[in-house]
Chemist: 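Sending over a structure as structure tokens; questions will come in a sec.
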Amino acid sequence: MKSEQSVRDIKGVGEKAEQCYHKMNIYTVADLLEHYPRAYDEWKPIQPIDGVEEGMTVAVEGTLRERPQMKSKGRLKILTVTLLDGSGALPVTWFNMPFLRNRLKMGVRYILRGKIERRGGQLQLQQPNIYTREEFYRQVGKLQPIYPLTSGLSNKAVTKALALALKEGEDLQEYLPADIRKRQKLLPYKKALQQIHFPVNREEMMAARRRLVFDELFLYSLALAYIKKAGRIESRYVVEEKEEAQRFQSGLPFVLTDAQKKAYREIMDDMKSGYAMNRLVQGDVGSGKTIVAVLALYQTVLNGAQGAFMAPTEVLATQHYHSLCEMLEPRGVRVGLLTGALTAKEKREAKERIALGMWDIVIGTHAIIQDNVVFSKLALVITDEQHRFGVKQRESLYQKGKEPHVLAMSATPIPRTLALILYGDMDLSVIGERPAERLPIKNCVVNTGYRPNAYQFMKNQIEQGHQVYIICPMVEEKEESELENVTIYSEELRQIFPFSVRIQALHGKMKPAEKEAVMQSFSQGDIDILVSTTVIEVGIDVPNATVMMIENAERFGLAQLHQLRGRVGRGASQSYCIFMVGEESKDSRERLDVLANSNDGFYIAREDLKMRGQGELFGLRQSGEQIFVLADIFEDADILQAAGEEAKSLTEDEIVLLYKKNRRLKKRIEYYLGQVTL
Ligand code: ADP
Ligand code: MG
């Protein structure tokens with residue numbers, strides 16, 4: 001079996017499973033092999049009953065205290081027993097498995113493995129599997145992969161498909177140069193794949209991960225080297241500084257911070273240099289990146305050329321559209337919006353206007369680079385929230401106009417040394433301060449008992465004319481019942497708050513147009529409380545919002561919470577962030593305290609790194625979108641460094657030679673870069 005073959009060619013994968021795989025962007029055998037476990041289930045030895053704790057997955061062994069009891073609750077059949085092991089007694093329940101009643105016998109020793117949950121104040125083992133001693137001891141000490149799934153596809157099915165793909169894969173040979181592999185002490189490729197999916201122990205898994213992370217970062221660095229070579233070119237567009245832009249800047253309701261001025265200066269120097277700018281502006285949430293982008297765009301337009309401004313979500317694109325219209329249309333700049341949400345007809349018209357130069361600034365999602373839009377005179381391309389765009393999208397930017405200036409903006413707080421490698425193809429500007437008069441956000445971490453006080457607090461803020469965000473976790477299909485669903489949550493809020501308080505839900509399942517309408521009316525102040533999932537995470541700017549409450553804050557990553565919180569504290573008034581803890585644990589307390597004690601993204605990222613990696617189920621990566629599949633830029637900073645150096649130590653000729661000599665490496669890079677041919 002070859003890597004490019006369809007997943008369908010794997011024995012046991014039928015049409016239905018194939019469709020499920022497609023939903024997860026898995027098309028080929030190679031895609032499947034890179035579908036790494038999200039975590040591993042580690043089979044620990046049998047535990048005494050008196051040592052079990054809530055949330056643990058445990059194996060216990062014992063006998064039944066009495067005959068199994070069966071209850072019916074609606075359509076649900078609940079079977080309960082109590083297991084005794086000499087150290088204590090543990091209630092056990094099974095749902096809808098009535099046949100067990102006659103199978104479970106008194107006086108027989110059973111090994112049960114499952115999750116400990118708390119029901120009505122009491123710990124119990126829920127829905128455990130039953131094992132013979134032989135079955136159990138075969139598994140102890142082993143790591144079972146747990147894969148990201150989609151409904152219709154079981155973990156067992158993915159595991160089986162992967163085992164087959166590994167066994168029958170013919171072209172999984174080594175492609176890294178041997179000296180690099182030796183110097184970096186890396187496992188052979190096939191072995192690493194085998195061990196990341198089916199590790200015998202933790203050490204094997206870590207070694208496999210190291211190899212694959214290295215690959216990812218090495219290929220990334222090579223790809224950057226390639227891009228850099230192709231991207232550094234003279235530019236047709238020399239953008240001179242114009243008087244009107246200076247007047248526009250003086251008319252702003254605030255003065256730029258020194259850091260903003262410096263970044264702006266660097267951008268202008270690039271754009272008039274005669275070479276294509278390729279610059280990254282990095283600045284924590286709320287540091288004021290947008291206005292710097294707007295100034296650069298305005299200068300471009302004053303020079304008679306076009307600018308494009310891309311955001312990762314439609315909601316954010318639309319917000320930028322409205323604020324740019326407000327700022328620049330009175331000055332005669334024609335601003336247009338192009339997103340995937342437009343109808344076919346609207347899209348066609350938009351493209352016409354862009355091609356004819358009737359729009360000076362085009363704002364949109366990456367529909368702008370995808371839908372073969374032709375510009376009449378594109379001189380500047382800006383991407384907001386760059387960390388959300390992968391290297392592929394970055395590549396297609398360079399190919400868009402003739403030789404436009406490229407400006408990327410990112411809020412990911414990474415140290416300069418890492419940024420230099422990650423964005424090795426770009427120059428870097430850092431906006432390292434927030435506007436001075438901005439009051440720091442006041443934070444608190446509370447449990448659900450505090451909710452009534454929180455609501456009272458919000459009521460007061462709303463009476464003073466402010467607005468509120470309440471964030472609920474994304475709804476994962478399986479966990480629906482456990483989670484605060486935004487719709488139900490909003491209904492409940494309506495019972496609690498006075499009639500006059502305007503409450504609106506916002507979630508990912510809404511159509512883009514609906515989402516935009518909601519965001520638009522929130523930013524106009526027509527909504528008092530916005531109940532939302534993390535769809536609002538990226539870049540939304542409503543300075544009048546002063547309170548954010550995050551439900552089940554323990555379920556989010558620290559970096560994500562920091563980005564979320566960045567939605568408040570954007571105006572002149574004092575802002576507040578309430579982290580509501582649903583399931584208390586010492587761990588989550590400590591993590592959230594980091595956030596409560598600091599508003600500094602760099603500090604939070606560092607602390608986050610220190611605390612990670614101690615959990616029982618250890619994940620390969622944090623959830624959330626990021627540009628790497630396996631690599632974590634913080635955790636793998638050393639590998640990133642090494643991979644960057646290995647890639648850099650190759651001369652241009654060697655790289656070309658490597659591409660030529662090493663068909664497999666070349667293929668990998670092409671695969672990585674998408675359509676590009678070297
Ligand atoms: P981010 O860097 O997170 O993208 P924004 O550019 O959205 O931040 O800016 C956040 C808010 O701060 C906006 O409302 C913007 O108008 C305001 N702002 C930007 N620069 C300054 C400044 N120098 N002084 C005061 N407010 C500013
Ligand atoms: Mg922003």
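Atoms within each ligand, like the ligands themselves, are counted from 1 in listed order.
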Chemist: So for Val255, does at least one of its heavy atoms come nearer than 4.0 angstrom to any atom of ligand 1?
Modeler: yes
Chemist: Quick one: side-chain hydrogen bond (donor to acceptor under 3.5 Å, both in side chains) partners of Ser500, sequence neighbours excluded?
Modeler: none
Chemist: Give the contacting part of Gln260 toward ligand 1: side chain, backbone, both or neither, where contact means a heavy-atom distance below 4.0 Å.
Modeler: side chain
Chemist: How far apart are the closest heavy atoms of Met271 and Leu380, and which atoms are they?
Modeler: SD-CD1, 4.1 Å
Chemist: Which atoms of ligand 1 have any heavy atom of Thr257 under 4.0 Å away?
Modeler: 23 (N)
Chemist: If you count the atoms of ligand 1 from 1 in the order shown, which ones are under 4.0 Å from a heavy atom of Pro435?
Modeler: 21 (C), 22 (C), 24 (N), 25 (C), 26 (N), 27 (C)
Chemist: Testing Gln574, Met548, Gln467 for side chain to side chain contact (heavy atoms under 4.5 Å, CB included) with Val568, which one passes?
Modeler: Met548
Chemist: Does the ring center of His405 lie less than 6.0 Å from the ring center of Tyr237?
Modeler: no
Chemist: For Asp541, take its heavy atoms, then give the atoms of ligand 1 lying under 4.0 Å from any of them.
Modeler: 7 (O), 10 (C), 11 (C), 13 (C), 14 (O)
Chemist: What atoms of ligand 1 come within less than 4.0 Å of a heavy atom belonging to Thr290?
Modeler: 4 (O), 5 (P), 6 (O), 7 (O)
Chemist: Suppose I only count heavy atoms of Val285 and a 4.0 Å limit; which atoms of ligand 1 are within that range?
Modeler: 3 (O)
Chemist: Using the side-chain hydrogen bond (donor to acceptor under 3.5 Å, both in side chains) criterion, which residues pair with Arg502? Sequence neighbours excluded.
Modeler: Asp528
Chemist: Start with the C-alpha distance between Ile550 and Tyr469, add both sets of side-chain angles, then the distance that settles side chain to side chain contact (heavy atoms under 4.5 Å, CB included), and finish with yes or no.
Modeler: CA-CA 8 Å; Ile550 302 172; Tyr469 293 101; over 6 Å; no
Chemist: Pro543 versus ligand 1: do any nitrogen or oxygen atoms come within less than 3.5 Å of each other?
Modeler: no
Chemist: Please confirm whether Ser287 comes under 4.0 Å of ligand 1, counting heavy atoms of the residue only.
Modeler: yes
Chemist: Counting both backbone and side chain atoms, is some N or O of Gly286 under 3.5 Å from an N or O of ligand 1?
Modeler: yes
Chemist: Centroid-to-centroid, Tyr321 to Phe309, below 6.0 Å?
Modeler: no
